[in-house]
Amino acid sequence: MNFCSAGITFTLLSSRYYTSATSSDQALNLLHFLKLSITHQSPKLAQQTHARILALGLHQNPFLGTKLISAYSNFKNPTWARLVFDSVELKNVYLWNTLVNGYVKNGEYVEVFEFFKGMCRGDLFPDDYTLASLAKVAGETGDSAAGKLVHGRSIRSGFALDVVVSNSLMSMYGKCGSFGDVRKVFDEMPQRNVGSWNVLIAGYVGCGDHGLDEGMWKIVKCMQIDGVKPDGFTLSSLLPLCGVDGRKWPDYGREFHCYIVKSEMELNLDSDAHLGCCLIDMYSKSNRFVVARRVFDQMKSGNVYTWTAIINGYTENGASDEALNLFREMQVRDGIEPNRVSLVSVLPACNSHASLIGGKQIHGFAIRKLLNNDVSLCNALIDMYSKCGSLDLARRVFEDDSFVKDAISWSSMISGYGLHGRGNEAVSLYDKMVLEGVKPDGITLVGLLSACGRSGLVDEGLNIYSSAIKNYGIKPTVEICACVVDMLGRSGQLDQALEFIKNMPVQPGPSVWGALVTASVIHGNSTMQDLAYRYLIELEPENPSNFISLSNVYASSKQWDVVAKVRTMMKEKGLRKEPGCSWISVNRTTHCFHVADKAHPFSNSIHEMLENLIFVMKDAKCSYVEIPS
DNA sequence: ATAGGGTTAG
């Protein structure tokens, strides 16, 4: 459509019709074409009009000059914008402001303050438009000193009374991390609009852990008392806060959705689907991905962001099949090319399927699209390769110099070694990480401690635990403590594990008691087992896995009466557990196995092989082997 | 007739 309209207008442009018009009429018409070029996103039309302007000798017309600069800036061509600016002899404040704003839009922040100086050297005074742009630059670059200068100048010149200038200043303070100043500017504003409230809310969200507390709600309430209606921007700031902690904000997400529907807000306004994405994301995060899907299906036009949001929703909810299907559909049906985020979102779907081939295809795509220098993507690849069984390929991504490794890259690789039972390598990689000056975080520690636990490296693990907490200020989380309990427990030190739980710096959660349960079952300590189960079931009375595990323990010691009791209890509570299964992909076919499953055509030979393997393992004095029934 | 702020999707 764009090209078409550009073609038609060009025909008009070069027709004889214009030759008889006066020069001011011509200028007006050319201005119109420049506007069209911007609304239709046609750089070609802008260039053609520019040629016409030059041919007709209208290039000193300030209106045309300004529009040209604005058009070229919109088409990400600040160099040409600058050339136009230089060619206009009498530069007015509009021309300056448009160029400055063009630089801002294209992220050329360094130039802006130089320009500002140049502007002040002439006879021109920076006005409210200039100040708004400057404030934005200070915010984007996090330069609070510059921001304060802009603020001072705004006050002295009286432009701080302007709503947009003050909004920009607030936004600047928010980006510089001083929420107090955001609030101060807001409170002192003589008049506010919905944008002012939005900056305040965004600043409040951005300043961290206040996100969920009362203050946020007070702001939203005050906004309504003030008679300002929340708009799409407001809601897209608020929606990400919903669904994260369902306990505090039970159904606000749904209420916001209702509000959006009632006020007839468009989910994909102006081809921007941000609001729709926020809804999809919110529903996915609150485990309501059926609703998320409905929102997705109802949106008129999907773009790469909406597709990515819904794919991400499916992967996070463990629906890998659906995620992979959608990933395909997005490309085949809608012809949308996945971006960096889409790839990062879909990769975990390969993990749970152990789909090495799918993961490799995505890796190949990333290389072709030159996306493989992105940390997040490489981290996802490391994770995918190690979870799909190929530690070597994971290591190859990790060793590649084409991306800058962060703490997550190291943690992923360390966990990979852990998953493959190579605790010693995990530990030495951790040592290297520390040596290279990369600060480990809580996630690193979880990966490393579980690696130690799996490989029986108890003393190493305990040393690492205490040194990490002391030297790197890592807060011992429940997950970390659960790893320590697991480590101690698996090695048979059940009493020490219990002692650790008693003195733990955080409240022991289900994962902690679960670790103790597993350990006591392995080591046949029924006293400890009963104690751990009691806590576990008290904490998670609705989790069917706990009851199944309890019943399995009694089943293995043939205490069928207790088994029956547990099963009845589950029935009374209405708890059901999807049976777990394992699968393996051989020659692109995935074979799935449940407990005691004899359905596979080669079941007999599989079991025969399994028994051989168990025999070999027992002979090799492997610590414990679960014998399948 | 010409110019400005608010979200950036894991």
Side-chain angles (χ1 to χ4, degrees), chain A residues 24-25 27-32 34-35 38 61-71 73 88 91-102 104-105 126-137 139-140 154 159 162-172 174-175 182 185-186 189 192-203 205-206 230-240 269 272-282 284-285 303-313 315-316 339-348 374-377 379-380 408:
Chain A
S24 123
D25 279 346
L28 267 176
N29 277 313
L30 293 166
L31 196 66
H32 178 65
L34 286 175
K35 281 184 200 163
I38 296 172
N61 181 311
F63 299 107
L64 290 174
T66 306
K67 226 7 160 210
L68 268 175
I69 294 173
S70 160
S73 305
V88 178
K91 298 175 179 43
N92 63 17
V93 70
Y94 289 98
L95 207 68
W96 277 98
N97 285 342
T98 313
L99 187 71
V100 165
N101 191 253
V104 177
K105 275 191 192 132
D127 64 5
D128 40 349
Y129 284 78
T130 328
L131 292 166
S133 291
L134 290 174
K136 188 174 163 70
V137 174
E140 293 298 332
S154 306
F159 287 121
D162 181 87
V163 187
V164 178
V165 171
S166 279
N167 289 354
S168 311
L169 288 169
M170 282 167 65
S171 168
M172 177 275 295
K175 291 206 167 95
V182 177
V185 176
F186 181 85
M189 282 171 80
R192 306 178 185 108
N193 62 11
V194 62
S196 324
W197 288 95
N198 288 342
V199 187
L200 184 72
I201 289 170
V205 174
D231 65 3
F233 285 106
T234 325
L235 287 157
S236 44
S237 288
L238 293 175
L239 279 171
L269 200 66
D272 177 9
H274 194 250
L275 192 50
C277 285
C278 287
L279 276 177
I280 294 174
D281 227 39
M282 181 274 293
S284 304
K285 288 216 170 73
N303 61 14
V304 65
Y305 299 114
T306 48
W307 279 96
T308 304
I310 191 73
I311 289 172
N312 189 50
T315 19
E316 289 204 334
N339 65 14
R340 200 173 59 80
V341 183
S342 326
L343 300 186
V344 178
S345 299
V346 80
L347 269 172
D374 178 71
V375 217
S376 323
L377 185 74
N379 295 345
I408 301 175

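The chains referred to below are lettered A, B, ... by the order of the sequence lines, with proteins before strands, and numbering in each begins at 1.
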Quiz item: Counting only distance, no hydrogens or angles, is the base of B/dG10 paired donor-acceptor with the side chain of A/Asp281 under 3.5 Å?
Solution: no
Practice problem: Among B/dG10, B/dG6, B/dG4, find the nucleotide with the atom closest to the side chain of A/Ala132. | Solution: B/dG4
Exercise. Could you work out which one of B/dG10, B/dA3, B/dG4 sits closest to the side chain of A/Asn312?
Key: B/dG10
Practice problem: Could you tell me the separation between the CG atom of A/Leu343 and the CD1 atom of A/Ile311, rounded to the nearest 0.5 Å? | Solution: 9.5 Å
Quiz item: What's the OH-P distance between A/Tyr305 and B/dG10, to the nearest Å?
Solution: 11 Å
Practice problem: Answer with base, sugar-phosphate or nothing: what part of the nucleic acid does A/Val165 contact at a heavy-atom distance below 4.0 Å? | Solution: base
Quiz item: Between A/Ser166 and A/Val163, is there a donor-acceptor pair closer than 3.5 Å when you use the side chain of the first and the backbone of the second?
Solution: no
Quiz item: What is the distance from CD1 of A/Ile280 to P of B/dG10, rounded to the nearest Å?
Solution: 11 Å
Quiz item: Which part of the nucleic acid, if any, lies within reach of A/Ser196 when heavy atoms closer than 4.0 Å are counted: base, sugar-phosphate only, or nothing?
Solution: base
Exercise. To the nearest Å, give me how far apart CG (A/Leu134) and C1' (B/dG4) are.
Key: 11 Å
Quiz item: Ignoring hydrogens and geometry, is there a side-chain-to-backbone donor-acceptor pair from A/Arg192 to A/Phe186 under 3.5 Å?
Solution: yes
Exercise. Just compare B/dG6, B/dG4, B/dG10 and give me whichever is closest to any side-chain atom of A/Asn198.
Key: B/dG6
Quiz item: Would you call A/Glu140 and A/Lys175 a salt bridge, using N to O less than 4.0 angstrom?
Solution: yes
Exercise. Show the numbers, then the answer: is there a side chain to side chain donor-acceptor pair (under 3.5 Å) between A/Ser196 and A/Asn193?
Key: CA-CA 5 Å; A/Ser196 324; A/Asn193 62 11; 3.0 Å; yes
Quiz item: How is A/Ala202 classified with respect to the nucleic acid when contacts are heavy atoms under 4.0 Å: base, sugar-phosphate, or nothing?
Solution: sugar-phosphate
Quiz item: Can you find a side chain N or O atom of A/Asn101 that sits less than 4.0 Å from OP1 or OP2 on B/dA3?
Solution: no
Quiz prompt | Whole-Å distance separating the NZ atom of A/Lys35 from the P atom of B/dA1 | solution = 9 Å
Practice problem: Check every atom of B/dA1, B/dA3, B/dG10 against the side chain of A/Ser376 and return the nucleotide holding the closest atom. | Solution: B/dG10
Quiz item: For the pair made of CE in A/Met170 and C1' in B/dG6, what is the distance, rounded to whole Å?
Solution: 9 Å
Quiz item: In whole angstroms, how far is the C1' atom of B/dG6 from the NZ atom of A/Lys175?
Solution: 8 Å
Exercise. Pick base, sugar-phosphate or nothing for A/Val194, based on heavy-atom distances below 4.0 Å to the nucleic acid.
Key: base
Quiz item: Of all the nucleotides listed (B/dG6, B/dT2, B/dG10), which has the minimum atom distance to the side chain of A/Val341?
Solution: B/dG10
Exercise. Quickly work out the A/Leu95 CG to B/dG4 P distance and round it to whole Å.
Key: 13 Å
Practice problem: Nearest 0.5 Å please: distance from the CG atom of A/Asp127 over to the OH atom of A/Tyr94. | Solution: 8.0 Å
Exercise. Select one nucleotide: of B/dG10, B/dG6, B/dA9, the one nearest the side-chain heavy atoms of A/Val344.
Key: B/dG10
Practice problem: May I ask whether A/Tyr94 stacks on the base of B/dA3, given the cut-offs of 5.5 Å between ring centres and 30° between planes? | Solution: no
Quiz item: Does any N or O donor sit under 3.5 Å from an N or O acceptor when you compare the side chain of A/Asp231 with the base of B/dG6?
Solution: yes
Practice problem: Check every strand shown and say whether A/Ser168 touches a base, only sugar-phosphate, or nothing at a heavy-atom separation below 4.0 Å. | Solution: sugar-phosphate
Quiz item: Which nucleotide in the list B/dG4, B/dT2, B/dG10 gets nearest to the side chain of A/Arg340?
Solution: B/dG10
Quiz item: Tell me: CG of A/Asn303 to P of B/dA9, nearest whole Å?
Solution: 12 Å
Quiz item: The side chain of A/Glu316 lies closest to which of these nucleotides: B/dG4, B/dT2, B/dG10?
Solution: B/dG10
